[in-house]
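What follows is a set of notes on a single structure, which appears directly below.
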2 protein chains.
Amino acid sequence: MNWEGKPMKDLITTEVGMRDGLQMESRFVPTNEKIEIGLGLIGAGLRRIEATSFVSPKAVPQLVDAAEVIGALRGRGATLAALVPNLRGAERALEAGVDELVMFISASEEHNRRNVNRSIAESLETIAPVAQAVAGSGRGLRAAVSTAFGCPWQGDVTPEEVARVIEGFAAQGVRAVTLGDTTGMATPPIVRRLCDKLADWFPEVELTLHFHNTRGIGLVNVMAGLDAGIVRYESALGGLGGCPFAKGATGNICTEDLVYMAGEMGLKTGVDLSSLIALAQRMQAILGHDLPGQVMKAGPRLVAA
Amino acid sequence: MNWEGKPMKDLITTEVGMRDGLQMESRFVPTNEKIEIGLGLIGAGLRRIEATSFVSPKAVPQLVDAAEVIGALRGRGATLAALVPNLRGAERALEAGVDELVMFISASEEHNRRNVNRSIAESLETIAPVAQAVAGSGRGLRAAVSTAFGCPWQGDVTPEEVARVIEGFAAQGVRAVTLGDTTGMATPPIVRRLCDKLADWFPEVELTLHFHNTRGIGLVNVMAGLDAGIVRYESALGGLGGCPFAKGATGNICTEDLVYMAGEMGLKTGVDLSSLIALAQRMQAILGHDLPGQVMKAGPRLVAA
């Protein structure tokens with residue numbers, strides 16, 4: 001039983017730092033160091049890792065070693081996910097041995113156009129060929145809806161706009177859906193309202209929430225998600241990542257801080273916090289700059305000063 | 001009505017950055033700059049400011065100008081609070097025109113001894129003379145219970161230990177009680193359990209929660225406090241302050257981030273967020289180093305990129 005007397009649940013984390021974090025770094029992290037971090041994450045108990053992105057090496061040179069990273073982390077007990085922007089990326093990901101392919105489409109027209117230079121309608125048409133390539137491969141396809149909680153250009157995004165993108169994926173049989181808080185605009189009431197509506201409209205869909213801590217309330221939004229019954233979250237080691245629109249703003253919610261919070265609330269994550277803290281410190285050393293994670297600096301609460 | 005359909009409440013903030021923040025800074029902030037910040041806080045709508053501390057100038061040289069700061073901020077519509085460690089400090093605070101005197105005692109024996117070199121029993125005996133000095137002055141006396149949510153040496157702190165300190169104050173007629181999360185050890189279940197028990201045991205006491213963001217969940221603990229019906233919180237401009245036990249760890253929860261979150265949840269604070277952000281940026285310039293506040297970097301959510 002957890003602290004509210006409800007049956008204790010698992011909190012299922014997907015580590016996205018190697019993808020959503022490293023793509024924001026100005027320097028290239030050597031492949032062997034990426035693999036070291038990936039193996040460390042698996043060793044710490046992470047069972048889901050979004051490890052890289054099969055995008056154009058010109059667009060994201062930081063992740064040019066996608067196939068090599070996947071090759072080194074395969075078959076070690078973790079589900080490996082990777083971002084694929086199109087059929088070509090999907091084919092490369094399948095060939096490399098990715099377990100779960102992740103396709104992104106924005107809920108806001110303006111963000112989608114600026115991000116991939118296409119309308120949402122055009123992006124929705126790219127789903128079918130990827131879904132067909134994945135079908136029968138034994139691998140999974142996941143939908144990631146960007147700007148699901150707000151768009152820096154459009155402002156508020158309606159549940160109907162998010163539903164439109166999910167419908168496009170659902171029509172191709174996709175049930176795994178991540179709602180991305182791309183620029184940290186989620187708030188507790190928006191999280192609650194969107195999750196409740198989507199659960200009504202798409203009872204067959206399994207929602208995952210991906211929050212950024214851009215405005216300091218990333219973990220508060222996790223609390224709102226838990227209240228709405230969502231148990232799947234994405235986070236990044238050390239709070240890796242950033243916001244392209246706000247200098248100095250932080251990125252993804254931090255995995256150690258999330259695992260610490262979950263543990264204190266009686267939710268099982270299967271992740272060893274001490275190993276994760278050591279790994280975040282190692283990541284900081286690799287990058288040569290501070291990461292925003294807090295527990296990695298202060299330690300768990302019952303370690304004596 | 002707020003987002004959960006409950007009647008909308010006020011969230012009452014006390015700004016503590018000038019005391020709990022500046023006492024942690026290595027350099028002395030000039031008196032005129034302190035006054036500039038204090039006036040800015042009042043201008044932004046803050047109605048409660050813990051502005052300084054009447055402790056020994058040898059112990060806290062950063063706040064040697066306590067009387068001057070209070071003198072400059074008096075009579076401008078805000079309640080001015082100040083920390084007083086003993087009768088001598090209380091007399092100085094009363095003479096300077098402080099509206100609310102704040103006395104600290106730790107709930108953990110070890111922390112109290114290390115902090116003030118006294119047992120809790122000895123500290124409790126110091127309340128009566130201060131209460132007598134305040135009585136009839138028209139000013140208020142507030143109890144602050146340090147390490148109420150955990151102690152870095154003792155570990156967990158029980159509600160009974162917190163109650164013992166509150167009883168000591170209540171016996172002298174003190175009804176305003178702040179629970180201090182001195183080293184960032186509060187968690188949602190601890191907050192909920194402690195607040196519920198204290199509300200039962202001390203129905204006449206008005207609780208204020210003082211959280212630090214040391215482990216990344218300061219605002220999550222505010223959510224837990226709101227769930228427990230607590231509407232009074234202490235926070236610091238820009239997230240000023242730090243943790244003497246963890247290098248690089250952040251300090252108090254950040255006032256702008258709290259005001260942003262409250263506003264998004266439909267809670268009234270009476271504080272103008274834009275003014276507060278500008279003031280946090282000014283504070284950063286005065287100190288010459290980054291502050292951990294997030295909204296001051298990213299801005300409110302609906303400002304176009």
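Proteins get letters first, then strands, A, B, ... in listed order; numbering begins at 1 in each. Values in this document were obtained by computation on a predicted structure and should not be read as measured data.
For the atom pair CZ of A:R215 and CE of B:M296, the computed distance is 14.0 Å after rounding to the nearest 0.5 Å. Remark: B:N213 CG to A:L219 CG distance equals 9.0 Å, nearest 0.5 Å. Note that CD of B:E264 is 6.0 Å distant from CD1 of A:I190, once rounded to the nearest 0.5 Å.
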(Q) Could you go through B:M261 and A:T187, starting from their C-alpha distance and side-chain angles, then the distance that decides it, and tell me whether this counts as side-chain contact (heavy atoms from CB on, under 4.5 Å)? (A) CA-CA 7 Å; B:M261 180 176 95; A:T187 67; over 6 Å; no
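Across every non-hydrogen atom of A:P189 and B:M265, the tightest pair is CD-CG, 4.1 Å. Scanning all heavy atoms of the two residues, the minimum distance from B:L302 to A:G155 falls at CD2-CA, 3.6 Å. In this structure, B:R301 and A:G150 approach most closely via the heavy-atom pair NH2-CA, 4.0 Å.
Donor-acceptor pairing under 3.5 Å is recorded for the side chains of A:Q294 and B:T250.
If you measure heavy-atom distances from B:D156 to chain A, the contacts under 4.5 Å come from both the backbone and the side chain.
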